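Below you'll find the structure, written out as structure tokens, and then a few comments.
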Protein chains: 2
Amino acid sequence: MASPGSGFWPFGTEEGSAAAESPGTARAWCQVAQKFTGGIGNKLCALLYGDAEKPVETGARAASPGVAEPRLACTCDKKPCACQKAEVNYAFLHSTDLLPTCNGEITTMSFLQDVVDILLQYVVKSFDRSTKVIDFHYPNELLQEYNWELADQPQTLEEILLNCRTTLKYAIKTGHPRYFNQLSTGLDMVGLAADWLTSAANTNMFTYEIAPVFVLLEYVTLRKMREMVGWPGGCGDGIFSPGGAISNMYAMLIARFKMFPEVKEKGMAAIPRLVAFTSEHSHFSVKKGAAALGIGTDSVILIRCDERGKMIPSDLERRIVEAKQKGFVPFLVSATAGTTVYGAFDPLIAIADICKKYKIWMHVDGAWGGGLLMSRKHKWKLNGIERANSVTWNPHKMMGVPLQCSALLVREEGLMQSCNQMHASYLFQQDKHYDLSYDTGDKALQCGRHVDVFKLWLMWRAKGTTGFEAQIDKCLELAEYLYNKIKNREGYEMVFDGKPQHTNVCFWYLPPSLRGMEDSEERTSRLMKVAPVIKARMMEYGTTMVSYQPLGDKANFFRMVISNPAATHQDIDFLIDEIERLGQDL
Amino acid sequence: MASPGSGFWPFGTEEGSAAAESPGTARAWCQVAQKFTGGIGNKLCALLYGDAEKPVETGARAASPGVAEPRLACTCDKKPCACQKAEVNYAFLHSTDLLPTCNGEITTMSFLQDVVDILLQYVVKSFDRSTKVIDFHYPNELLQEYNWELADQPQTLEEILLNCRTTLKYAIKTGHPRYFNQLSTGLDMVGLAADWLTSAANTNMFTYEIAPVFVLLEYVTLRKMREMVGWPGGCGDGIFSPGGAISNMYAMLIARFKMFPEVKEKGMAAIPRLVAFTSEHSHFSVKKGAAALGIGTDSVILIRCDERGKMIPSDLERRIVEAKQKGFVPFLVSATAGTTVYGAFDPLIAIADICKKYKIWMHVDGAWGGGLLMSRKHKWKLNGIERANSVTWNPHKMMGVPLQCSALLVREEGLMQSCNQMHASYLFQQDKHYDLSYDTGDKALQCGRHVDVFKLWLMWRAKGTTGFEAQIDKCLELAEYLYNKIKNREGYEMVFDGKPQHTNVCFWYLPPSLRGMEDSEERTSRLMKVAPVIKARMMEYGTTMVSYQPLGDKANFFRMVISNPAATHQDIDFLIDEIERLGQDL
């Protein structure tokens, strides 16, 4: 047998290719190469023909271009077929050639593998600092640049693959190390794998019958989360809901039911006028929930915050007493553990004392800050959370779980079920052959419910609690680095003093033209425009993304948040350089 | 250059392999093969060593088994790295070896590819009639059979892959041609691909800023769906929500706001006592929504149905008049297009006339039946839907889109926004540089919102409207086949007479011991037990799954539904044979 490296090795590893040298020979080689399964043959052929990207033309196809047969007939006599992938000409294939069509295995495997190849390329690019975070186009441009319309007639699989590529071309790389725009950033590889599995399993959380493993994993995971909240033995109840706003709405719904169970049948007409309390820095979902539940936004009383954005307990107590004097019934205090803009933690112990004194349901919205419970160094910021009646905690934020993954935890078991159940007999049959306590669907507001738990569970197995801790501690360390870097830097002003408690760092960038200018209407109005212009430029260059907003009488400022484990000190440095580069002329 | 087929071709295509012949030579060849990117080198090496499945042992690893280095160091000088996959020993690797870790590309590609291989195998098996639909275990057994607990310490990637395999081992194959258990069945390959892409893009629907393509696709798709409902030019509004129950709740919320906009601020205390109407066969989410929104379940008046499960319009009108006489304000009629159990279509034209006469918001819950709008043959069943104020339509049911995909469509534009917006300045900045009408997040109840549109959009591109039509027509034809097969068959009784309007076929199976028995308490009580026992046996054998339930005074009956394009006449025959096999001794 000849040894490698000698002249007969047919695959061009330098410039050119065997095909260019001798097309006939290459075709003959290719026929031999086709004996290999797993797509190897075709990849080899593609190499032989000098282009790994382009689909290989076969003799058969060249002779009759309309024929869309897969090149390799599956000869396995048992299923599932071991022939994973053959080269197929997608230009002549449609979704009807995929499974469950008869003998659709090869085309299906090949098609899904090609989609995965596109996705893997995107994933790798997402972490690559030399690529753009965003290839920005205005809505009307994007609508015109590609035909996105839906038609009567099918597209070919070739066009479907092109649709995938085009969609990703214009997508925001939310896993990019320089994407800081939202509380949810990053792309976790185990989380992604888990989400892909969830899609393939394609089931619904309402009964054990159709989601046995996922129902058990929800049970295990919620119990663990309750343990971390500090409820003895992890006892209590909970659910994964479609986002923090819905989790907060659940809390309000359950708190109302606990105090006035008759509301379920009789409605708000039958009960006294309720009021809820939350801080002026809290998330807008508390008001949204109150509007939806028929309580009304006027019945959400906003408690004053200190300059760091923390609820002032004395103001809370004052407003509770005031509401009671007016004849209203305080039923809920929603404290925030990690506010959206400042990242502030309300003083939970003091709030718990007040809730106890006035017998009010204490909810903690830890959508953003809940992740800090994983960190031995930082969890003290949530001291008192163990006294809450309910907790919102979104692992899709600080823990980097793919969207969406939000948990509502409830201390009292059974309350969710009583509050929401409707006993649908077609779904929750009482004469089934297994333990019905695992059919948890009737405690949800949703009927069908997506499997959101698996990605969190698998990531937790892969990282361990200590892995999440390391990831979170690193993000907080980066925030402190940013704070230290800019607090005394020329051209920067902090929105509030002191080290950030979470990863939120709020600051103004002052272009040279504004520095030293006295506080005046003109200065405020010019400052108001700085962040939006810099942000627009960032998006047009596509180099980084960070959020900004006004707050009360404060002009637009940048709110930097770090939840992406891919970010490094260099990325923080880059952000600062970029703000200065894009804003110095303003 | 030598021609193929001569003796030097090193890859064993018959029995044995180059490695067996000469391990040294194989290794040398392998080194050359490693020059190829895209994982080809490693696959070739695996073949050279005679086993494409088993990870290849390298000399380095054999010498020092604790070292978990990827075999090929990435030598590319530009990223993204083109080296897609190397053989890696997962027993020594953790999630921290994956991206975004430095030089994590190879391990990541390899890991994700191995997960995909597990998933592809599962997908192919899902369609294989020789595999079980379910490998059933009781909850306590399943909890004990594997350690599902979450720990402080990380697991290796080898264990993570095992977790994936184990999870799928116990999963229900919801794409299996003999899985008939829910309204959502089947596993669409293009839908799956789209869901995988959605996971990789990992973004949030609230703003154009972070989901430009998906926001536009939602716009295009909702407009198309409204066109199919029959609203001129597809005008109107809408949103993809986390399931039909939430879509129905939205409808109720918007209808209330339309009539009494002050409810948003003032709550239910400020407005008259409202009542809603829906049929006794409607989905339980109408009551669930009323409970949540503070309206109360007592204010949902259930209208009588005819024996086919259709709302009786005269009873609706009578109850409206009655409610008004009592001083209540009728604000919503929720008609059902495709009831959950019987698959009945309420008479929408007659209901629209009544809603018009009494100025009541008409909602159509077409979660299950909306798909029939895609069929020229069957869409007449929804005649009158164009007169609705809002429509729920779940493409994840009859159209086979992966879970979840539910649309709420609203005829009046802008109403959702006014009803739900809270103007969060940190998210919906008014001074952004693009057309803000594409920031649709503030019309949602959710803050974060999962991208549910892409799978529907991509499937629609792949099938065209005509493809969905063919799929739906086929399911309805199968339901008719089942109906014709059993309507006069010995041992069967239909729950209602006549050809099914949707794919729901409701029937009792009477074991020989019950046949000819007179209608009596004993017969009812024995019949009550038949379906649960057969179902339990089905699950234990794992051969098929179909739902059952009681309804009113009717004993447990089977509700067969067909939404899986994989099902064939043979599968219907199989179901009947299986029911008889498992139930004949009862």
Side-chain angles (χ1 to χ4, degrees), chain A residues 2 4 8 29 32 35 40 43 79-80 95 98 100 115 119 124-125 127-128 150 152-155 170-171 189-190 193 195 199-201 213 224 242-243 245 264-268 284 291 294-296 298 404 422 424-426 431 433 438 446-448 450 460-462 464-465 532 536 549 566, chain B residues 2 4 8 13 29 32 40 43 79-80 95 98 100 115 119 124 127-128 139 150 152-155 170-171 189-190 193 195 199-201 213 224 242-243 245 264-268 284 291 294-296 298 404 422 424-426 431 433 438 446-448 450 460-462 464-465 532 536 549 566:
Chain A
F8 68 81
W29 270 98
V32 179
K35 294 188 182 172
I40 299 171
K43 287 195 175 166
K79 296 185 175 188
S95 65
L98 302 173
V115 171
L119 299 181
V124 172
K125 267 193 190 165
F127 295 106
D128 176 7
L150 298 167
D152 285 350
Q153 295 307 315
Q155 291 193 334
Y170 298 113
M189 292 300 104
V190 173
D195 224 12
S199 301
V213 187
K224 182 78 181 173
K264 184 175 176 180
E265 286 84 26
K266 307 284 175 205
M268 292 293 287
F284 68 87
I295 294 165
D298 287 353
Q404 283 186 302
M422 292 290 152
S425 61
Y426 76 92
D431 45 12
H433 60 128
Y438 290 96
Q446 297 174 273
C447 173
H450 188 260
W460 207 323
R461 299 274 276 198
T465 310
Q549 67 281 296
Chain B
F8 67 81
T13 50
W29 271 99
V32 178
I40 298 171
K43 288 195 176 168
K79 297 187 176 189
S95 64
L98 301 173
V115 170
L119 299 181
V124 172
F127 294 107
D128 176 5
L150 298 166
D152 285 350
Q153 296 307 315
Q155 290 193 334
Y170 297 113
M189 294 300 101
V190 173
D195 223 13
S199 301
V213 187
K224 182 78 182 175
K264 184 175 177 181
E265 287 85 26
K266 306 286 174 205
M268 292 292 287
F284 69 87
I295 294 165
D298 288 353
Q404 286 186 300
M422 291 291 152
S425 61
Y426 76 93
D431 46 12
H433 61 127
Y438 290 96
Q446 296 174 275
C447 173
H450 188 261
W460 206 324
R461 298 275 275 198
T465 309
Q549 67 279 298

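Quick note on labels: first sequence line is chain A, next is B, and so on, each numbered from 1. Given the structure is predicted, the values throughout are model-derived calculations rather than measurements.
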Considering only heavy atoms, which portion of B/Lys224 lies under 4.5 Å from any heavy atom of chain A: side chain, backbone, both, or neither?
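Side chain only.
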Given heavy-atom pairs under 4.5 angstrom as the criterion, report whether the side chain, backbone, both or neither of B/Phe127 touches chain A.
side chain
Kindly write out the residues that satisfy side-chain hydrogen bond (donor to acceptor under 3.5 Å, both in side chains) with A/Tyr170, not counting sequence neighbours, or none if the list is empty.
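Testing A/Tyr170 for side-chain hydrogen bond (donor to acceptor under 3.5 Å, both in side chains), a comparison that skips the adjacent residues, returns A/Glu145.
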Kindly write out the residues that satisfy side-chain hydrogen bond (donor to acceptor under 3.5 Å, both in side chains) with A/Ser95, not counting sequence neighbours, or none if the list is empty.
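Residues passing side-chain hydrogen bond (donor to acceptor under 3.5 Å, both in side chains) with A/Ser95: none at all.
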Identify which of [options] forms the greatest number of heavy-atom pairs closer than 4.5 Å to chain A.
| options | answer |
| --- | --- |
| B/Pro242, B/Gly243, B/Ala245 | B/Pro242 |
| B/Glu265, B/Met268, B/Met422 | B/Glu265 |
| B/Gly296, B/Pro139, B/Ala201 | B/Pro139 |
| B/Ala291, B/Gly448, B/Ser199, B/Ala424 | B/Ser199 |
| B/Ser425, B/Ala566, B/Ala171 | B/Ser425 |

Grab the two heavy atoms, one from A/Ala462 and one from B/Pro154, that are nearest each other, plus how far apart they are.
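Residues A/Ala462 and B/Pro154, closest heavy atoms: O-CB, 3.1 Å.
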Closest contact, heavy atoms only, A/Asp431 versus B/Pro532:
OD2-CG, 3.5 Å
Contacting region of A/Leu150 [heavy-atom separation from chain B under 4.5 Å]:
both
Side chain, backbone, both or neither: which part of A/Phe284 has a non-hydrogen atom closer than 4.5 Å to chain B?
both
Please identify, among A/Ala193, A/Ala200, A/Gly294, the residue contributing the most non-hydrogen atom pairs under 4.5 Å to chain B.
A/Gly294
Counting heavy-atom pairs closer than 4.5 Å to chain B, which one of A/Asp195, A/Val213, A/Val190, A/Leu98 comes out on top?
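Sorted descending by pairs with chain B, the first entry is A/Val213.
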Begin with the C-alpha distance, continue with both residues' side-chain angles, and end with the deciding distance and a verdict on side-chain contact (heavy atoms from CB on, under 4.5 Å) for A/Gln404 and B/Gln446.
CA-CA 11 Å; A/Gln404 283 186 302; B/Gln446 296 174 275; 3.7 Å; yes
